[in-house]
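Each chain gets a letter, A, B and so on, in the order its sequence line appears, and its residues count up from 1.
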Amino acid sequence: MLNFAKNFIMLEISYLRTNAAEAVTGLRKRGIEAEQAIADILRLDELRRQNQNELDQTLAESNKLSKEIGMLFKQGKGEEANALKNRTAELKEKVKELQQEQEQLKSSLEQDLVALPNVPIDLVPDGKTPEDNLEVARHGDLPNLGNTAKPHWELAEELKLIRFDLGVKITGAGFPVYQGKGARLQRALINFFLEENIKAGFEEYQPPLMVNEDSGFGTGQLPDKEGQMYHITEDKLYAIPTAEVPVTNIFRNEILEESELPIKATAYSACFRREAGSYGKDVRGLNRLHQFDKVEVVSLTKPEDSMAMLDSMVDHVASLLNKLELPYRILRLCGGDMGFTSAITYDFEVWSAAQERWLEVSSVSNFKTFQTNRMKIRYRGEDKKTHLLHSLNGSALALPRILAALLENNQGPEGIRIPEVLHSYTGFEII
RNA sequence: GGAGAGAUGGCAGAGUGGUCGAAUGCGGUGGUCUUGAAAACCAUUGAGGGUCACACCUCCGGGGGUUCGAAUCCCUCUCUCUCCGCCA
């Protein structure tokens with residue numbers, strides 16, 4: 001078991017010690033004024049180290065005395081030994097006080113640290129809302145289907161590809177049943193994504209779909225997003241909201257050799273999200289589900305390689321969408337729209353022709369050391385010392401909205417056209 | 001669900017109150033030897049904090065206690081394994 005109270009730190013304190021100004025500037029992109037908070041953190045850090053120094057010296061003295069006492073007893077000098085015991089009693093008191101102080105300093109330091117989100121890098125645009133996200137690429141023409149275009153939930157029901165009614169019957173809303181060619185299309189997409197990811201150098205994993213508390217804390221779902229995960233209280237397990245959780249945790253508390261790097265992993269999994277508070281058009285059809293399928297990619301790199309890895313992951317995800325012939329755009333999220341743990345995030349959105357809106361199908365992020373600091377994922381450098389790795393992940397890809405876009409964009413008088421690249425996986429070319 | 005065993009460094013595995021951060025073996029790294037490699041031999045090899053660098057401190061599953069002193073004794077929690085039962 002991890003000691004959560006002691007493994008809570010997100011930003012590296014050593015980073016703040018040397019880059020406080022950069023952190024303050026970066027956090028402004030999120031609309032956070034952190035100058036005072038960081039100053040407080042550094043002051044606490046200073047106090048903590050002073051206290052530890054004093055504590056260490058007291059302990060050293062106490063250790064020394066204990067050894068002397070041991071020696072004296074062995075030599076039969078019981079009197080002298082007992083005399084020394086008085087002094088150790090005093091030291092014991094002092095140690096106790098200093099330790100209590102140390103615990104307090106640590107916990108307030110950690111409390112302050114975990115309140116700070118990751119520092120956005122230079123590239124990240126300033127801004128508060130999704131309107132401030134920067135569109136960095138757009139690919140493919142938006143189909144013009146006129147007003148006869150049907151939304152995917154109508155197509156799916158009519159063609160008996162996805163049975164929302166059956167899902168409600170056997171489980172509840174947000175748990176659709178895929179049927180016939182709908183099921184086969186979904187399976188084809190999973191296989192297609194996995195195969196493409198493997199070709200791109202990612203190693204396939206099949207992780208557990210439930211994780212323990214340690215893993216939930218590791219990737220940062222706990223304690224903040226506890227309400228978003230399905231919780232099996234009887235066994236203290238959580239249903240994974242994404243394969244990122246089990247896959248990244250594979251490397252928790254590991255020290256990797258440079259020769260093993262970079263780590264590139266991919267995994268298909270079902271994902272479970274409670275999505276408390278969602279409503280309206282956002283949850284219509286496949287737009288937002290409690291259970292959905294996703295193929296994820298996760299990377300661990302040396303710090304100097306993480307930006308190049310991010311670019312290659314973005315290119316890779318783009319290539320998947322190109323092959324599926326779906327119109328999409330890539331957004332570089334602004335500071336205010338980024339997740340708490342990310343230093344930079346690119347979102348991929350596909351065009352949904354009947355809903356006439358963009359749907360997010362992938363989010364590719366570089367977390368730098370934010371996750372690895374908590375999970376102690378390190379590598380041994382040329383200097384023989386251990387250093388934190390950078391972690392990155394992205395969807396490649398999330399299935400439901402891809403399915404939605406394929407159904408809507410490719411509908412025509414003949415039926416729904418399946419992109420050529422999927423034919424060998426589906427076994428059919430039209431629905 | 002019932003019964004039992006166990007948790008020590010990358011792995012295996014000693015260690016029942018002081019000089020144990022921890023024997024030994026394997027693995028890793030460096031070297032000797034060799035045309036090269038293997039073998040053999042020699043040396044080295046846990047993590048974290050702290051320091052310019054040392055010193056020093058902490059850690060033997062987690063937490064608490066006894067003691068001048070705990071990997072070793074006590075309490076407690078968690079987890080793992082084995083056998084039986086049930087079952088894909």
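- Taking every heavy atom of residues 84-102 of chain A and every atom of RNA chain B, pairs under 4.0 Å involve K85(A), T88(A), K92(A), by number.
- Annotation: of the two residues near RNA chain B, K64(A) and K67(A), the 5′-most nearest-nucleotide partner is K67(A).
- As the counterpart of rG27(B), rU45(B) is assigned, both hydrogen-bonding distances of the Watson-Crick or G-U wobble pattern falling under 3.5 Å.
- Rounding to whole angstrom units, CG of residue L72(A) and C1' of rC68(B) are separated by 11 Å.
- With a 3.5 Å ceiling on both atom-pair distances, the Watson-Crick or G-U wobble partner of rA40(B) is rU32(B).
- Taking a 6.0 Å sphere around CZ of R87(A), one finds it holds 12 or fewer heavy atoms contributed by other residues, nucleotides or ligands.
- A salt bridge between R49(A) and D45(A) is present, with a side-chain N of the basic residue lying under 4.0 Å from a carboxylate O of the acidic one.
- Listed pair N63(A) / rU58(B) meets the phosphate criterion, a side-chain N or O lying under 4.0 Å from OP1 or OP2.
- A straight line from CG of D214(A) to C1' of rC77(B) spans 14 Å, rounded to a whole angstrom.
- For rU29(B) and rA39(B), the P atoms lie 12 Å apart once the distance is rounded to whole Å.
- For Q57(A) and rU58(B), the CD to C1' distance is 15 Å, given to the nearest whole Å.
- Aromatic ring centres of H387(A) and Y379(A): separated by under 6.0 Å.
- For E101(A) and K96(A), the salt-bridge test fails: no basic side-chain N is under 4.0 Å from an acidic carboxylate O.
- Applying the ring-ring contact (aromatic ring centres under 6.0 Å, His included) test to residues at least two apart or on different chains, the pairs with a partner in residues 224-247 of chain A are H231(A)-Y238(A).
- The environment of Q291(A) atom CD is dense: over 12 non-hydrogen atoms of other residues, nucleotides or ligands sit within 6.0 angstrom.
- When the C1' atom is compared between rU45(B) and rG10(B), the two are found 11 Å apart, to the nearest whole Å.
- Heavy-atom distances to RNA chain B give each of L59(A) and G70(A) a nearest nucleotide, and the one nearer the 5′ end belongs to G70(A).
- Rounded to the nearest Å, the gap between the P atom of rU72(B) and that of rA7(B) is 12 Å.
- Remark: K199(A) engages E196(A) in a salt bridge, criterion side-chain N to carboxylate O under 4.0 Å.
- Base-pair partner of rA7(B): rU78(B) (Watson-Crick or G-U wobble, both distances under 3.5 Å).
- The interatomic distance linking N51(A) (CG) with rC57(B) (P) rounds to 16 Å, in whole Å.
- Rounded to whole Å, the separation between the C1' atoms of rC59(B) and rG4(B) comes to 31 Å.
- What you find for N366(A) and S306(A) is that their closest heavy atoms are ND2-OG, 3.0 Å.
- As rounded to whole Å, 14 Å separates atom C1' of rG69(B) from atom CG of N82(A).
- Atoms CG (L105(A)) and C1' (rG49(B)) sit 15 Å apart, rounded to a whole Å.
- rA22(B): no Watson-Crick or G-U partner with both key distances under 3.5 Å is found in any strand.
- Of the charged side-chain nitrogens involved, at least one lies within less than 4.0 Å of a carboxylate oxygen, so that K302(A) and E258(A) count as a salt-bridged pair.
- Taking atom C1' on both nucleotides, rG46(B) is separated from rA23(B) by 16 Å, rounded to a whole Å.
- The base-pairing partner of rA53(B), taking Watson-Crick or G-U wobble contacts with both distances under 3.5 Å, does not exist among the strands shown.
- We find that CD of E54(A) is positioned 14 Å from C1' of rC56(B), with the value rounded to whole Å.
- Within the structure, no pair that satisfies the side chain to side chain donor-acceptor pair (under 3.5 Å) test touches residues 421-431 of chain A, not counting sequence neighbours.
- If you take atom C1' in rC79(B) and the same atom in rC52(B), they sit 43 Å apart, rounded to whole Å.
- Sequence neighbours left out, the pairs with a member in residues 151-160 of chain A that pass salt bridge (Lys or Arg N to Asp or Glu O under 4.0 Å) are K150(A)-E158(A).
- Pair assignment for rG1(B): rC84(B), on the basis of Watson-Crick or G-U wobble contacts that are both within less than 3.5 Å.
- The same atom, P, is picked in rC74(B) and in rA5(B); the two are 14 Å apart, to the nearest Å.
- K181(A) has its side chain out of reach of L185(A): every pair of non-hydrogen atoms, C-beta onward, lies at least 4.5 Å apart.
- Dense packing is recorded around CD of E204(A), with more than 12 heavy atoms of other residues, nucleotides or ligands lying under 6.0 Å away.
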Interface polar pairs with nucleotides 43-47 of chain B, N/O, under 3.5 angstrom:
| from | atom 1 | to | atom 2 | distance (Å) |
| --- | --- | --- | --- | --- |
| rA47(B) | OP1 | R380(A) | NH1 | 2.8 |
| rA47(B) | OP1 | R380(A) | NH2 | 3.1 |
| rA47(B) | O3' | R378(A) | NH1 | 3.2 |

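- One can place CG of L388(A) at 9 Å from P of rG48(B), the figure rounded to the nearest angstrom.
- rG27(B) and rG18(B) have their C1' atoms separated by 33 Å, with the value rounded to a whole Å.
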Just the atom pairs and distances: protein N or O near nucleotides 50-53 of chain B's N or O, under 3.5 Å.
| from | atom 1 | to | atom 2 | distance (Å) |
| --- | --- | --- | --- | --- |
| rG50(B) | OP1 | R17(A) | NH2 | 3.0 |
| rU51(B) | OP1 | R49(A) | NH1 | 3.3 |
| rU51(B) | OP2 | R49(A) | NH1 | 3.4 |

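- Look at D126(A) and R28(A) and you find no salt bridge, because none of the NZ, NE, NH1 or NH2 atoms lies under 4.0 Å from a carboxylate O.
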